[in-house]
Structure formats: structure tokens, C-alpha cells
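What's counted below: heavy atoms across the whole structure, side chains too, no hydrogens, waters or symmetry copies. Just so you know, these numbers come straight off a predicted model, no measurement behind them.
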Amino acid sequence: MADAEREFDLVLYGATGFVGRLTALYLAAGQHGARIALAGRSQERLLAVRETLGPEAQSWQLITADASSPSTLADMAARTRVVVTTVGPYLRYGEPLVAACAAAGTDYADLTGETLFIRRCIDTHHKQARDTGARIVNACGFDSIPSDLTVFALYRQAERDSTGELEDTNFVVRTFAGGVSGGTVASMTELAREASLDPESRRLLNDPYTLSPDRSAEPALGAQPDARWRRGREIAPELDGYWVGAFPMAMPNTRIVRRTNALLDYPYGRRFEYAEQMSVGRSVLAPVAAAVATGGNVAMMELGSRFLNRVPRNLLERVLPKPGTGPGEQTRERGHYSVETYTTTTGGARYRATMSQQGDPGYKATAVLLAESGLALALDRDKLSDLRGVLTPAAAMGDALMERLPRAGVTLEVSRL
């Protein structure tokens, strides 16, 4: 069906969940002119959400759809240009919607940081989505837009300056204030459980090119570990005195960035190396804090990916934060993040991309990033790449997001050092 024949520009699926409601609030407050509908399992709960969104949203239609009923997802996908979904864990609930969008030629955006889910989407739905013209775009929240977009911005600046391809590139979380969302905890738990049940899944998680479209075409650059403990000056002189440790979301983010490079036919270069870290400051105790963060991250991933299947699922669900829950408004408003991505090009130039945003990264900031991704797919179609299939944020809409996000209060700057 042609775009002009679609009833909606954007359908928000999972609008009654915690991040879904925040995304709906953000969309309702904007002057974007998009035709929007809210979707979920319960018409009554959807109506209750819509009543909180203000006068502009009262005309939005409500769609009842459920992952357990694929026909309802197919009907929903056929009616819209774009489906934005917050319904996870995606390994448990996500694939039927991807299948519906791939079949209907409908663009799709989600919040997943579940590497194995993305790999499954690639293996099962990439070809059909490419044939129907659908863009299936994973990881459109704090995981992994700051990672993906800062590297893309560095590439664009080096391209303008004719300073060569990117080589050693490092993402550093400089400040972070906020909680870990129940959805993120559930997603990571589901990912670890899957890996603990299947040795092949563990192997995939440890491969730095898990999400590559052609694994045999990737360069042999060594292990590229996700958990690193080192001095900041090993990354850039500007970080002299600082210590950095493992960033818990490095594993999904780094695979997304490497997939972007491959999907775009390696514009970052064949010697592009990428890692993510988290700054712990420059105090006397900073080396210890960095070591503890790194060691704890490694232990959690190793133990979880091997033994989590031995822990009853219902026990975990009782003790861990639940999907669809989150902090109060004051906590969400006070949250923030800032990241810096450093690179050196083959021509010897050094650059730094800085991205920052107000709002709890796992909730308010993520809702903004997801909503703007959906709007970019729906309304900025002349600025999107020509690629179709299972894509990454930068590969699908890098230029559109670089233009759109600053208008949404996201700071994104590149400087030559």
C-alpha cells in the first residue's frame, strides 16, 4: 500500500506502558502535524491514557492489538506508515510485530538492547523487509542512538574536512543521572537467560560482529572487548587524569555501531575500531571504582549467560523491577546524560562528538529519542537513506536525526581537536 493510502503516519504500540505513556505525552505536546494512533491490548486502558494527553490528542484513534493475536498486528501495520513499539522484552514479545511490519512494508522502530533479538530479526525478516520496502529500525532509545549517532556525526565531519576514515574510536559516558528501567532489566535478564540455555547464543554475544550483514567481510581486528578498565589519557589527552571502566550497555551498542558501518558499505573504514566506557572521575579512588565497575560487569554477564536458566523465572520477576514501571516525575526530570565520542582519522585528525540530553536516560530521554525516530521515519522520508530491511538508527535516518534531535532539546556537537 502506498504511503498516501495509509490511515496513520505513526502508531504507538504499547502506549499504556510506562515508557509508552511518556512517548505519547511527548508526541501530544509537539507541533508535528502527524496523524497518530495509540495501540495496545486494552481499549479501556488506552482510553485512560488518551484522556491524560491534552486536547490535541483526543482525536487520536485507539487500536486494540496483541502479540498473541498476529492478525491484529497485521491489521495495525497495514494502516500506518510507521509503528513505534515499547513492548518488551522483545525476545519474548517482539517478533510477531516485526513480522507484521516486514510483510506490510511498514517502517518500525523499537527500544531493544537485546542483541539476540536483533540477530533473529536479521535472520528471519531482513530479506522480506527489504523486498517490501520496510525499514525495521532497532535500538532507538538511549540504547543505542547516542552511540550510533555520535559516530555517524564524526564520520560526516571527517568527510566534510577530507581527513580520511575513522580508526580508533571511543565512546565515553561522562555524566549519567537516572535509574535503570524495569524494561531494560527485563530485556537484559531475558537475553542472559537465552544465552544460558544455548551455547551458540553465548558465542554470538561474544562476537564483536554479531550483527554484521556478512561476518566473513569484517576485518580481523582482534577481540575488541566490551569491558575495559584504563586511564582516560589512553583514549584522548583531554581525559588525562580520569579513569574509565566498563559501561553496562557497551555490548549491544558496539554491535549496532559496527552494523551501521557495514550497512553503509564501510564509510567509517575497514580499520575502524570502536569501544565504549564510562568515566568514574579523577579522584584517588577512581582507579578502584573503574576496576570494580569493570569486574562487576564481566562477572554479571559471565554468570548470567551461563547459569541464569537455573533460576526460576517467577522468582526473578518477584525481585527485579517490573517492565512498565518507573520513577516519579521529579526523578525523571532531574535525570540527564552527557557522552563524548573521540576518534582519530587515517589522516591524523582528531575529533570529539558530544551529545547530551536532560531527562532520565532510561525514561524521559529515551521517550524523546524514540518519538523523534518515529517522526523521522514518518515525516522526513526525503532525508532517509535508501536502505531497506533490518537497519540501525544511523543507517536508516542518520542525517534526519542529526537535523531533528537538536530541535528536540538534544545537544549534538562535533569539534576538531
Within the distance-only criterion (no hydrogens, no angle test), does the side chain of [X] pair as donor or acceptor with the backbone N or O of [Y] below 3.5 angstrom?
{"X": "Ser144", "Y": "Ala139", "value": "no"}
{"X": "His336", "Y": "Ala177", "value": "no"}
{"X": "Arg35", "Y": "Arg6", "value": "yes"}
{"X": "Thr106", "Y": "Arg81", "value": "no"}

>> Can you tell whether the side chains of Asp399 and Lys383 come within less than 4.0 Å, N to carboxylate O?
In response: no
> With a 4.0 Å cut-off, would you call Arg258 and Glu273 a salt bridge?
Replying inline: no
>> Please list all pairs meeting side-chain hydrogen bond (donor to acceptor under 3.5 Å, both in side chains) that have one or both residues in residues 364-380, counting only residues at least two apart or in different chains.
In response: Tyr26-Glu372, Glu333-Lys364, Glu372-Arg404, Asp380-Arg404
Would you check if [X] and [Y] make a side-chain contact, meaning some heavy-atom pair closer than 4.5 Å?
{"X": "Arg160", "Y": "Val414", "value": "no"}
{"X": "Ile136", "Y": "Cys101", "value": "yes"}
{"X": "Phe176", "Y": "Val339", "value": "no"}
{"X": "Leu97", "Y": "Met76", "value": "yes"}
{"X": "Val244", "Y": "Ile235", "value": "yes"}
{"X": "Leu166", "Y": "Val151", "value": "yes"}
{"X": "Met402", "Y": "Leu149", "value": "yes"}
{"X": "Leu154", "Y": "Tyr342", "value": "no"}

>> Can you tell me which residue among Gln224, Met249, Arg259, Glu276 is in a side-chain contact (heavy atoms from CB on, under 4.5 Å) with Thr254?
In response: Glu276
>> Using the rule side-chain contact (heavy atoms from CB on, under 4.5 Å), only one of Arg50, Glu44, Arg45 pairs with Leu62; which is it?
In response: Arg50
Taking atom types as modelled, is there a side-chain donor on [X] or [Y] under 3.5 Å from an acceptor on the other?
{"X": "Tyr351", "Y": "Thr341", "answer": "no"}
{"X": "Ser385", "Y": "Arg135", "answer": "no"}
{"X": "Thr115", "Y": "Thr210", "answer": "no"}
{"X": "Gln61", "Y": "Glu7", "answer": "yes"}
{"X": "Arg334", "Y": "Gln358", "answer": "no"}
{"X": "Gln357", "Y": "Thr411", "answer": "no"}

Salt bridge (charged side-chain N to carboxylate O under 4.0 Å, His left out) involving [X] - partner list, sequence neighbours excluded:
{"X": "Arg255", "value": "Asp226"}
{"X": "Arg407", "value": "Glu403"}
{"X": "Asp110", "value": "none"}

Supply the atom-to-atom distance [X] [atom1] to [Y] [atom2], rounded to the nearest 0.5 angstrom.
{"X": "Thr169", "Y": "Asn261", "atom1": "OG1", "atom2": "CG", "value": "9.5 Å"}
{"X": "Leu239", "Y": "Arg352", "atom1": "CG", "atom2": "CZ", "value": "8.0 Å"}
{"X": "Thr343", "Y": "Asn170", "atom1": "OG1", "atom2": "CG", "value": "8.5 Å"}
{"X": "Glu340", "Y": "Glu238", "atom1": "CD", "atom2": "CD", "value": "8.5 Å"}
{"X": "Leu375", "Y": "Leu379", "atom1": "CG", "atom2": "CG", "value": "5.5 Å"}
{"X": "Ile145", "Y": "Leu401", "atom1": "CD1", "atom2": "CG", "value": "5.5 Å"}

>> Once you measure the plane-to-plane angle for Phe171 and Phe247, does it fall in the parallel (<30°), tilted (30-60°) or perpendicular (>60°) bin?
In response: tilted
> What pairs of residues pass the salt bridge (Lys or Arg N to Asp or Glu O under 4.0 Å) test when at least one of them lies in residues 59-74, not counting sequence neighbours?
Replying inline: none
> Which residue pairs pass the salt bridge (Lys or Arg N to Asp or Glu O under 4.0 Å) test with at least one member in residues 211-225, sequence neighbours excluded?
Replying inline: Asp207-Arg215
> Can you check side-chain contact (heavy atoms from CB on, under 4.5 Å) on Ser147 and Tyr274, steps first, answer last?
Replying inline: CA-CA 10 Å; Ser147 308; Tyr274 180 70; 3.5 Å; yes
> When you look at Asp9 and Thr80, which way does the side-chain contact (heavy atoms from CB on, under 4.5 Å) test go after all the steps?
Replying inline: CA-CA 5 Å; Asp9 296 312; Thr80 184; 5.7 Å; no
> Between Tyr337 and Phe142, is the ring centre distance below 6.0 Å?
Replying inline: yes
Who pairs with [X] by side chain to side chain contact (heavy atoms under 4.5 Å, CB included), at least two apart in sequence or on another chain?
{"X": "Thr64", "answer": "Gln43"}
{"X": "Ala394", "answer": "Asp148, Phe152, Thr260"}
{"X": "Asp75", "answer": "Arg79"}
{"X": "Glu167", "answer": "Arg271, Thr346"}

> Can you name the residues that form a ring pair (Phe, Tyr, Trp, His ring centres under 6.0 Å) with Tyr108, not counting sequence neighbours?
Replying inline: none
>> Test of understanding: with ring pair (Phe, Tyr, Trp, His ring centres under 6.0 Å), list the residues that count as partners of Tyr268, not counting sequence neighbours.
In response: Tyr155, Phe272
> Are Arg270 and Tyr266 in a cation-pi contact, defined as NZ or CZ under 6.0 Å from the six-membered ring centre and within 45° of the axis?
Replying inline: yes
> Taking it one step at a time, do Leu116 and Leu204 satisfy side-chain contact (heavy atoms from CB on, under 4.5 Å)?
Replying inline: CA-CA 8 Å; Leu116 295 178; Leu204 285 172; 4.1 Å; yes
> What do you reckon, is CG of Asp382 surrounded by more than 12 foreign heavy atoms closer than 6.0 Å?
Replying inline: yes
>> Within the supplied structure, the quantity of interest is the number of heavy atoms (other residues, nucleotides, ligands) at a distance under 6.0 Å from Arg41 CZ; does it exceed 12?
In response: no
>> For Asp123, run the side-chain hydrogen bond (donor to acceptor under 3.5 Å, both in side chains) check against His125, Arg120, Arg119 and tell me which one passes.
In response: Arg119
> Hey, mind stepping through Tyr90 and Asn138 against side-chain contact (heavy atoms from CB on, under 4.5 Å) and telling me if it holds?
Replying inline: CA-CA 10 Å; Tyr90 293 90; Asn138 306 116; over 6 Å; no
>> Using every non-hydrogen atom in the two residues, find where Val84 and Gly374 come nearest and quote the distance to one decimal.
In response: CG2-CA, 3.7 Å
